[in-house]
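Right, one structure below, let's go through it.
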Amino acid sequence: MTTPTPPIKLAVFSTKSYDKTYLDTVLSTTHPSLFEPSYHPFALSLETVPLAANHEAISAFVNDTLDAPVLRALHSTGARAILLRCAGYNNIDLTVAEELGLFVANVPSYSPEAVAEFTIALLQTLNRNTHRAYNRVREGNFNLEGLMGTTLFGKTVGVIGVGRIGLAFAKIVRGFGCRLLAADPKPSSSEAEFEEQYGGKLVPLETLLSESDIVSLHCPLTKGTRHIIDTQNLALMKKGALLVNTSRGPLINTKSAIEALKSGQLGGLALDVYEEEAAYFYNDHSHEIIHDDTLMRLMTFPNVLVCGHQAFFTREALGEICETVARNLEDWVKGRHCVNSLVREGHLVVRGEGEPVRI
């Protein structure tokens, strides 16, 4: 009689109720006996690595720590696969992962429309002051002073990074009747194709910044894109332009952005991500004093919106994320080639939305 193969133990970090609900549904439906998940609300760090002891696979989220010490510690406990529940991989040391022979896979594409639509929601909330109007009306104040916005029709929108999410956003703004500019050193289509399919132009970054009324960031965080929006590039922007970031916090030098807001060079800022978000995002700190003075300074501006990294947060996206994690796990277990793999069999392979972008 054949002895049943024991299930693969999977330690899932930074777990919220929705992670457990969706991942349990996927695993119980498609892989009922292949994996045995254990859920931890704590972020992955050197201190929480012991929770992963004797687990062959680890699932981590966007703000978990996967630097060299953590990866070495995980490897020593028996971990051999790292399954990211996000597209970005800036929080993992891929060189050390390759050295250790760890399998690393991300989720390069999950409902790019979800992020693109939320970007529009942030943009129009900032532009039309609907957040301020909502609060006023609840207090019986129907005064329109200070709530004036601009009409998007005819405005120039600059998209930095035209992967799946950037292109989904481009389609939406074209529907508003906007002029579209894009900057990306490795665009997914030629200039002619981009103009034909999206009605936009691929231009150098400097041109995009100087001509755009609205700039939206849709590129991954790499050495080449860290602080791509700094003092120098903020000065290139149109005075009073709006800036939206739903990608990664460190794409913007926050202190430079604050100075640009104070001077009026930057007309408004909408953030779903923040440079130092790992200390606060995804948890309730309403009963605490927030010690991040830069974040608190941002909150004082009437023309700044800050959300808690929720652009991805739709039923459809969560379902796709968990399905991809499960497929990546199955590919690893069965030794199949995985198109979402970042490190496999000693070779560095980067695919899809997560492809490094240098501007």
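For the pairing with Ser14, the side-chain contact (heavy atoms from CB on, under 4.5 Å) check across Asp64, Asn63, Leu44 returns one residue only, Asp64. The only option from Asn328, Leu84, Thr15, Leu10 that meets the side-chain contact (heavy atoms from CB on, under 4.5 Å) definition with Ser59 turns out to be Leu10. The side-chain contact (heavy atoms from CB on, under 4.5 Å) test with His218 is passed by exactly one of Val159, Val162, Leu167: Val159.
Side-chain atoms of Leu329 and Phe35, non-hydrogen and from C-beta on, do get closer than 4.5 Å to each other. The shortest side-chain heavy-atom distance between Val157 and Phe176 does not fall under the 4.5 Å cut-off. Annotation: side chain of Pro37 is in contact with side chain of Leu27 (closest heavy-atom distance under 4.5 Å). In this structure the side chain of Arg327 reaches within 4.5 angstrom of the side chain of Thr324, judged on heavy atoms. The closest side-chain heavy-atom distance from Leu152 to Val173 is not below 4.5 Å. The shortest distance between side-chain heavy atoms of Arg80 and Trp332 falls below 4.5 Å. Counting only heavy atoms from C-beta outward, the side chains of Val96 and Arg72 approach each other to under 4.5 Å.
Within the structure, side-chain hydrogen bond (donor to acceptor under 3.5 Å, both in side chains) pairs that include any residue of residues 17-29 comprise Lys20-Asp24, Asp24-Tyr39 (at least two apart or interchain). Listed by first then second residue, pairs satisfying salt bridge (Lys or Arg N to Asp or Glu O under 4.0 Å) with a partner in residues 139-161 number zero, not counting sequence neighbours. Residues in residues 230-247 take part in these salt bridge (Lys or Arg N to Asp or Glu O under 4.0 Å) pairs, two or more places apart or across chains: Asp213-Lys238.
Between the side chain of Ser212 and the main chain of Leu209, no donor-acceptor pair closer than 3.5 Å is present. Remark: the backbone N or O of Asn143 is paired with a side-chain donor or acceptor of Arg136 at under 3.5 angstrom. Without hydrogens or angle criteria, Arg174 side chain to Cys178 main chain gives a donor-acceptor distance under 3.5 Å. In this structure, the side chain of Asn253 does not engage the main chain of His227 through any donor-acceptor pair within 3.5 Å. Checking side-chain atoms of His55 against main-chain N and O of Ala53 turns up a donor-acceptor pair under 3.5 Å. Counting only distance, with no hydrogens or angles, the side chain of Asn106 and the backbone of Ala87 share a donor-acceptor pair below 3.5 Å. Looking at Thr222, its side chain does come within 3.5 Å of a backbone N or O of Gly224 through a donor-acceptor pair. The closest donor-acceptor contact from the side chain of Arg128 to the backbone of Thr150 lies at 3.5 Å or more, if one exists at all. A donor-acceptor contact shorter than 3.5 Å is absent between the side chain of Thr231 and the backbone of Ser256. Not one N or O on the side chain of Asn91 forms a donor-acceptor pair closer than 3.5 Å with the backbone of Leu66.
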For residues 311-323, tabulate all N or O donor-acceptor pairs below 3.5 Å that involve a side-chain atom, not counting sequence neighbours.
residue, atom, partner, partner atom, Å
Thr314, OG1, Ala317, N, 3.1
Glu320, OE1, Ser111, N, 2.9

Could you list the donor-acceptor pairs under 3.5 angstrom formed between side-chain atoms of residues 112-119 and any protein atom two or more places apart in sequence or on another chain?
residue, atom, partner, partner atom, Å
Thr119, OG1, Val115, O, 2.8
Thr119, OG1, Thr246, OG1, 3.0

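Remark: Arg226 CZ to Leu251 CG distance equals 9.0 Å, nearest 0.5 Å. Atom CG of residue Leu71 and atom OG1 of residue Thr65 lie 10.0 Å apart, to the nearest 0.5 angstrom. Within the model, atoms OG1 of Thr130 and CD of Gln124 stand 8.0 Å from one another, a figure rounded to the nearest 0.5 Å. Put simply, CD1 on Ile258 and CG on Leu269 are 9.0 Å apart, with the number rounded to the nearest 0.5 Å. Summarising the geometry, atom CG belonging to Leu74 is positioned 8.5 Å from atom OG1 belonging to Thr48; distances are rounded to the nearest 0.5 Å. The CG atom of Asp184 sits 9.0 Å away from atom CZ of Phe194, with the distance rounded to the nearest 0.5 Å.
Applying the salt bridge (Lys or Arg N to Asp or Glu O under 4.0 Å) test to Glu56 and every residue at least two apart in sequence or in another chain returns nothing. Under the rule for a ring pair (Phe, Tyr, Trp, His ring centres under 6.0 Å), the partners of Tyr280 that lie at least two apart in sequence or sit in another chain are His285. Scanning for ring pair (Phe, Tyr, Trp, His ring centres under 6.0 Å) contacts around His40 gives Phe13, with sequence neighbours left out. Under the ring pair (Phe, Tyr, Trp, His ring centres under 6.0 Å) criterion, His309 pairs with Tyr282, not counting sequence neighbours. Residues meeting the salt bridge (Lys or Arg N to Asp or Glu O under 4.0 Å) test with Lys171, sequence neighbours left out: none.
The environment of Asp293 atom CG is sparse: at most 12 non-hydrogen atoms of other residues, nucleotides or ligands sit within 6.0 angstrom. Summarising the local packing, NZ of Lys16 is surrounded by more than 12 heavy atoms from other residues, nucleotides or ligands at distances under 6.0 Å. With a 6.0 Å radius and a threshold of 12 heavy atoms from other residues, nucleotides or ligands, Glu196 has its CD atom at or below the threshold.
A salt bridge links Glu259 with Lys262; the closest basic N to acidic carboxylate O contact falls under 4.0 Å.
Taking each heavy atom of Ala79 and Leu102 in turn, the nearest pair found is O-CD2, 3.4 Å. When all heavy atoms of Cys219 and Gly161 are compared, the pair lying nearest together is CB-CA, 4.3 Å. When all heavy atoms are compared, the tightest approach of Leu122 to Cys307 is CD2-SG, 3.8 Å. Taking each heavy atom of Thr207 and Ser210 in turn, the nearest pair found is O-OG, 3.1 Å. Residues Met237 and Val215 approach most closely at CE-CG2, 3.8 Å, considering heavy atoms. Nearest heavy atom pair, residue Thr254 against residue Glu275, reads OG1-OE1, 2.7 Å.
For Ser263 and Gln265, the side-chain atoms include no donor-acceptor pair closer than 3.5 Å.
Hydrophobic cluster membership for Leu147: Leu144 (Ile, Leu, Val, Met, Phe, Trp, Tyr linked by side-chain heavy atoms under 4.5 Å, directly or transitively). Side-chain contacts under 4.5 Å among hydrophobic residues (ILVMFWY), followed directly or transitively, place Phe142 together with Val137.
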Next on the checklist: The test is side-chain hydrogen bond (donor to acceptor under 3.5 Å, both in side chains); show your working for Thr294 and Arg297 and say whether it passes.
Outcome noted: CA-CA 5 Å; Thr294 302; Arg297 181 68 178 96; over 6 Å; no
Next on the checklist: For Asn90 and Lys223: C-alpha separation, side-chain torsions, deciding distance, then whether side-chain hydrogen bond (donor to acceptor under 3.5 Å, both in side chains) applies.
Outcome noted: CA-CA 9 Å; Asn90 53 281; Lys223 290 181 180 179; over 6 Å; no
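The hydrophobic clustering, which links ILVMFWY residues whose side-chain heavy atoms are closer than 4.5 Å, places Val273 and Leu271 apart. Under a hydrophobic clustering in which Ile, Leu, Val, Met, Phe, Trp and Tyr are joined whenever their side-chain heavy atoms come within less than 4.5 Å, directly or via other members, Leu242 and Leu180 fall into the same cluster. In the hydrophobic clustering of this structure, Val26 does not group with Val107; members are Ile, Leu, Val, Met, Phe, Trp, Tyr whose side-chain heavy atoms approach within less than 4.5 Å, directly or through other members.
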